Amino acid sequence: IQRFKSRSLREAFSLCGFAPEEEGSEWVLLASDLHFYHNGAVAVADALDYRVSAQLAALAAMPPAACLLLGDQATGLCGSFGSALDATDGANELAAADAALAAFSSLAPTYTILGNHDTYPNESPLGAFHGAHLPVHDTGLNSTLTIGGVRFVLLSASHDAAFVDGQDTYLQAALEALDGSQECVLCVHQPSGGRAYD
């Protein structure tokens, strides 16, 4: 394990023989579970862990083509499966997140999807709270983009991982649009199907 342990993304690239600065190189940054947590003593500018901030600053020299943030921007908005919405914590967390995510969006176009902490039981419409309180970085429920010939399909799910707002139809259309040989990466916060607790 120690042989492959990396202290930076550049080290990790080196281990697999990838040189992001070479002409024609493209890469995508995927991050999940950033879990912004609001604490009255912590300023919004300090919402990102200093190690994450340092890594993102270092990436300016070799930026990704896109940043894909795969859910759980919030933490206490809905603390656990089945818990009710905590609108106060949620609004504060997402305000902190919206400011801090500029560290990603200053590098590349940034896309977000919902995780189980970003929505609450029976939210309707799905993602409304996230969209209202993350106005700069909320990119809607689903997105599709192609980078380096690879199709990325980002799908939000409900609090219990179910597709409840047309995601199944969106996914079907995205898969049908593939040319048969194109690689496709499906991005969800957790395996979907509405049985996340089990």
Side-chain angles (χ1 to χ4, degrees), residues 28-38 47 65-102 104-105 108-147 150-180 182-198:
V28 175
L29 176 64
L30 283 83
S32 182
D33 295 88
L34 293 171
H35 280 290
F36 292 95
Y37 178 72
H38 182 263
C67 298
L68 311 181
L69 306 181
L70 306 185
D72 281 358
Q73 283 75 235
T75 302
L77 184 154
C78 184
S80 61
F81 288 115
S83 296
L85 166 70
D86 182 331
T88 301
D89 274 359
N92 288 332
E93 288 165 359
L94 291 177
D98 213 23
L101 292 183
F104 290 89
S105 59
T110 298
Y111 299 82
T112 58
I113 59 172
L114 301 176
N116 55 289
H117 289 278
D118 299 320
T119 183
Y120 52 92
N122 303 314
E123 182 184 20
S124 182
L126 183 64
F129 193 90
H130 192 264
H133 294 91
L134 196 80
V136 176
H137 291 96
D138 180 87
T139 50
L141 291 181
N142 314 302
S143 301
T144 303
L145 57 152
T146 301
I147 295 172
V150 176
R151 181 75 50 91
F152 291 84
V153 181
L154 288 79
L155 300 168
S156 288
S158 70
H159 168 73
D160 59 356
F163 287 163
V164 297
D165 204 356
Q167 292 92 334
D168 49 353
T169 305
Y170 186 92
L171 174 59
Q172 182 66 33
L175 294 176
E176 288 173 357
L178 297 173
D179 65 14
Q182 185 176 28
E183 292 180 324
C184 182
V185 177
L186 300 181
C187 301
V188 294
H189 179 70
Q190 55 197 357
S192 295
R195 295 181 61 83
Y197 184 81
D198 294 335

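These numbers come from the heavy atoms of this one structure, side chains and all, not from hydrogens, waters or symmetry mates. What you see is a predicted model, and the numbers here were worked out from it, not measured in a lab.
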Inset, instruction - Could you go through the side-chain contact (heavy atoms from CB on, under 4.5 Å) check for Leu154 and Leu145 one step at a time? - result: CA-CA 9 Å; Leu154 288 79; Leu145 57 152; 3.7 Å; yes
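- Phe104 pairs by the ring pair (Phe, Tyr, Trp, His ring centres under 6.0 Å) definition with nothing, not counting sequence neighbours.
- Considering only heavy atoms from C-beta on, Gln167 comes within 4.5 Å of Asp165 through its side chain.
- The shortest distance between side-chain heavy atoms of Leu85 and Phe129 falls below 4.5 Å.
- For the residue pair Ala74 and Leu94, the shortest heavy atom distance occurs at CB-CD2, 4.0 Å.
- Looking at every heavy atom in both residues, Leu30 comes nearest to Cys187 through CD2-SG, 4.1 Å.
- Put simply, the side chain of Thr146 does not reach to within 4.5 Å of the side chain of Phe152, judged on heavy atoms.
- Here Phe36 contributes atom CZ and Leu134 contributes atom CG; the two are 9.0 Å apart, rounded to the nearest 0.5 Å.
- Side-chain contact between Leu69 and Ile113 is absent, with no heavy atoms from C-beta onward closer than 4.5 Å.
- Checked by atom type and distance alone, the side chain of Glu93 pairs as donor or acceptor with a backbone atom of Gly76 at under 3.5 Å.
- A donor-acceptor pair under 3.5 Å is formed between the side chain of Asn92 and the backbone N or O of Thr88.
- A 4.5 Å side-chain heavy-atom check between Pro121 and Cys78 finds at least one atom pair inside the cut-off.
- Between Asp168 and Phe163, the shortest heavy-atom contact is N-CD1, 4.0 Å.
- Closest approach of Leu126 and Val164 over heavy atoms only: CD2-CG2, 3.9 Å.
- Asn142 and Leu155 get closest at one heavy-atom pair: OD1-CA, 3.5 Å.
- Under the rule for a ring pair (Phe, Tyr, Trp, His ring centres under 6.0 Å), His137 has no partner lying at least two apart in sequence or in another chain.
- Remark: Asn122 pairs with no residue by the side-chain contact (heavy atoms from CB on, under 4.5 Å) rule, at least two apart or across chains.
- Inter-residue side-chain proximity for Asp138 and His133 is flagged as unmet; no heavy-atom pair is nearer than 4.5 Å.
- In this structure Pro109 satisfies the side-chain contact (heavy atoms from CB on, under 4.5 Å) test together with Tyr111, sequence neighbours excluded.
- Looking only at side-chain heavy atoms (C-beta outward), Arg151 and Thr144 come within less than 4.5 Å of each other.
- For the atom pair Thr110 OG1 and Leu68 CG, the distance stands at 8.5 Å (nearest 0.5 Å).
- Although no hydrogens or angles enter the test, the distance criterion places no donor-acceptor pair under 3.5 Å between the side chain of Thr119 and the main chain of Ser158.
- Pairing each heavy atom of Val153 with each of Cys184, the nearest pair is CG2-SG, 3.9 Å.
- Asp72 is linked by a side-chain contact (heavy atoms from CB on, under 4.5 Å) to Asp33, His35, Asn116, His117, Asp118, His189, counting only residues two or more places apart in sequence or in another chain.
- In this structure Val136 satisfies the side-chain contact (heavy atoms from CB on, under 4.5 Å) test together with Asp98, sequence neighbours excluded.
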Legend entry - side chain to side chain donor-acceptor pair (under 3.5 Å) between Glu123 and His159, worked out: CA-CA 8 Å; Glu123 182 184 20; His159 168 73; over 6 Å; no
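- The closest side-chain heavy-atom distance from Val150 to Val185 is below 4.5 Å.
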